[in-house]
Protein chains: 2
Amino acid sequence: MSSPLSIACFLMKTRSLSPEVLELVARRFAVLAEPMRLRLLQSLIDGEKNVHTLVGLTGGTQANVSRHLQTLTDAHLLRRRKEGLQVFYAIADPSIFKLCELVCGSLEKEHAARAGVFRGE
Amino acid sequence: MSSPLSIACFLMKTRSLSPEVLELVARRFAVLAEPMRLRLLQSLIDGEKNVHTLVGLTGGTQANVSRHLQTLTDAHLLRRRKEGLQVFYAIADPSIFKLCELVCGSLEKEHAARAGVFRGE
DNA sequence: TCGTTATATGAGCATATGATCATGTAGTTG
DNA sequence: CAACTACATGATCATATGCTCATATAACGA
């Protein structure tokens with residue numbers, strides 16, 4: 001309750017966050033609220049990749065993948081590196097994986113009594 | 001890397017999550033991607049409240065607040081308790097605050113060099 | 001039963017966002 | 001310069017979602 005998170009968290013837990021901050025937080029969640037973008041983030045876990053590779057890994061069209069990469073980059077979740085003809089994208093904010101872990105854990109608990117969708121059953 | 005989170009996280013970090021799970025995760029993020037819903041969650045940090053109170057705290061209309069409460073309840077983030085004429089809502093999944101903290105921390109870092117929006121400056 | 005209060009919901013409108021197609025742009029090679 | 005490759009983007013359509021108004025439902029009291 002002291003380091004980088006402190007101030008915003010303190011506000012979150014005690015007084016009201018300003019509408020502006022709520023907008024920012026909501027926007028961050030919205031960026032993560034698309035399966036294709038999650039898939040792209042997941043594809044980048046083991047290092048930067050160019051667009052062509054990501055198109056192959058995700059099975060999306062080039063245009064669509066490119067748009068989602070832009071959305072993620074605009075949100076500062078990815079960084080872009082141009083090298084000749086190719087553009088390489090990489091995770092810029094690893095904290096997103098903690099987010100996904102939390103969500104997965106929560107969902108897992110939630111669905112624990114039901115079908116084992118998380119185990120591919 | 002062993003407890004409730006383990007399986008989904010392992011999948012998240014190593015092999016591909018199934019499209020179904022990606023949908024679920026995306027949906028969870030989508031639920032959190034609305035300022036009004038964040039505001040409602042924030043209003044419920046200090047305990048359950050009825051709809052009327054939440055309408056007052058958030059400044060929304062009764063119809064709109066009711067709809068968002070339903071969305072949050074459907075997502076299992078809130079629980080509903082009816083008592084006479086009133087309905088009380090409460091946080092059902094405290095992990096959402098960890099999510100918000102992570103996002104706030106990330107945004108704070110991101111905006112550190114810019115205006116101090118997090119400090120209300 | 002009738003009226004009142006608290007909450008939920010159907011219908012409609014406005015806007016936002018994702019997917020696709022076609023084309024544009026930048027860099028490379030001949 | 002021309003052709004090619006890798007990526008980005010304008011235009012369009014379809015869908016999803018939020019907001020509002022009006023009304024429905026449910027529980028309570030007179």
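Only this structure's heavy atoms are used, side chains among them; waters, hydrogens and symmetry mates stay out. A note on names: the letters A, B, ... follow the listed sequences, proteins ahead of strands, and every chain is numbered from 1. Note that the structure is a prediction, hence the values are computed from the model and not measured.
- As a whole-Å value, the separation of Gln62(A) CD from dT5(D) P is 14 Å.
- Partners of Ser66(A) according to the side chain to side chain contact (heavy atoms under 4.5 Å, CB included) rule, which considers only residues two or more places apart in sequence or in another chain, are Gln62(A).
- Cluster annotation: Leu85(B) is not connected to Tyr89(B) through the hydrophobic network of ILVMFWY side chains, with a link wherever side-chain heavy atoms come within less than 4.5 Å.
- Contact detail for Thr61(A) and Val55(A): the closest heavy-atom pair is O-CG2, 4.3 Å.
- Residue pairs meeting the side-chain hydrogen bond (donor to acceptor under 3.5 Å, both in side chains) criterion with at least one member in residues 49-58 of chain B, sequence neighbours excluded, are Asp46(B)-Lys49(B), Asn50(B)-Thr53(B), Asn50(B)-Gln86(B).
- The salt bridge (Lys or Arg N to Asp or Glu O under 4.0 Å) analysis of residues 83-100 of chain A, with sequence neighbours excluded, yields the pairs Arg28(A)-Asp93(A), Arg81(A)-Glu83(A).
- In this entry the distance linking NE2 of His52(B) with C1' of dA27(D) reads 17 Å, nearest Å.
- Considering every non-hydrogen atom in both Leu32(A) and Leu38(A), the closest pair reads O-CD2, 3.4 Å.
- For residues 52-80 of chain B, the pairs satisfying salt bridge (Lys or Arg N to Asp or Glu O under 4.0 Å) are Glu48(B)-Arg79(B), with sequence neighbours left out.
- Residue Leu22(A) comes nearest to Pro35(B) through the heavy atom pair CD1-O, 4.1 Å, listed as atom of the first residue, atom of the second, then distance.
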* To do: Would you give a per-nucleotide map of nucleotides 13-20 of chain D, 5' to 3', where B means the base has a protein non-hydrogen atom under 4.0 Å away, S means only the sugar-phosphate does, and - means neither?
  => ----SSSB
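- Looking at every heavy atom in both residues, Leu78(A) comes nearest to Ala92(A) through C-CB, 3.6 Å.
- In the region residues 84-93 of chain B, proximity to DNA chain C at under 4.0 angstrom, judged on heavy atoms, holds for Leu85(B), Gln86(B), Val87(B), Tyr89(B).
- The distance from atom CG of Leu78(A) to atom P of dA8(D) is 11 Å, rounded to the nearest whole Å.
- The side chain to side chain donor-acceptor pair (under 3.5 Å) test applied to Gln70(A) returns no partner, not counting sequence neighbours.
- Between chain A and DNA chain C, the heavy-atom contact criterion of under 4.0 Å yields a 5' to 3' nucleotide range of dT17(C) to dT28(C).
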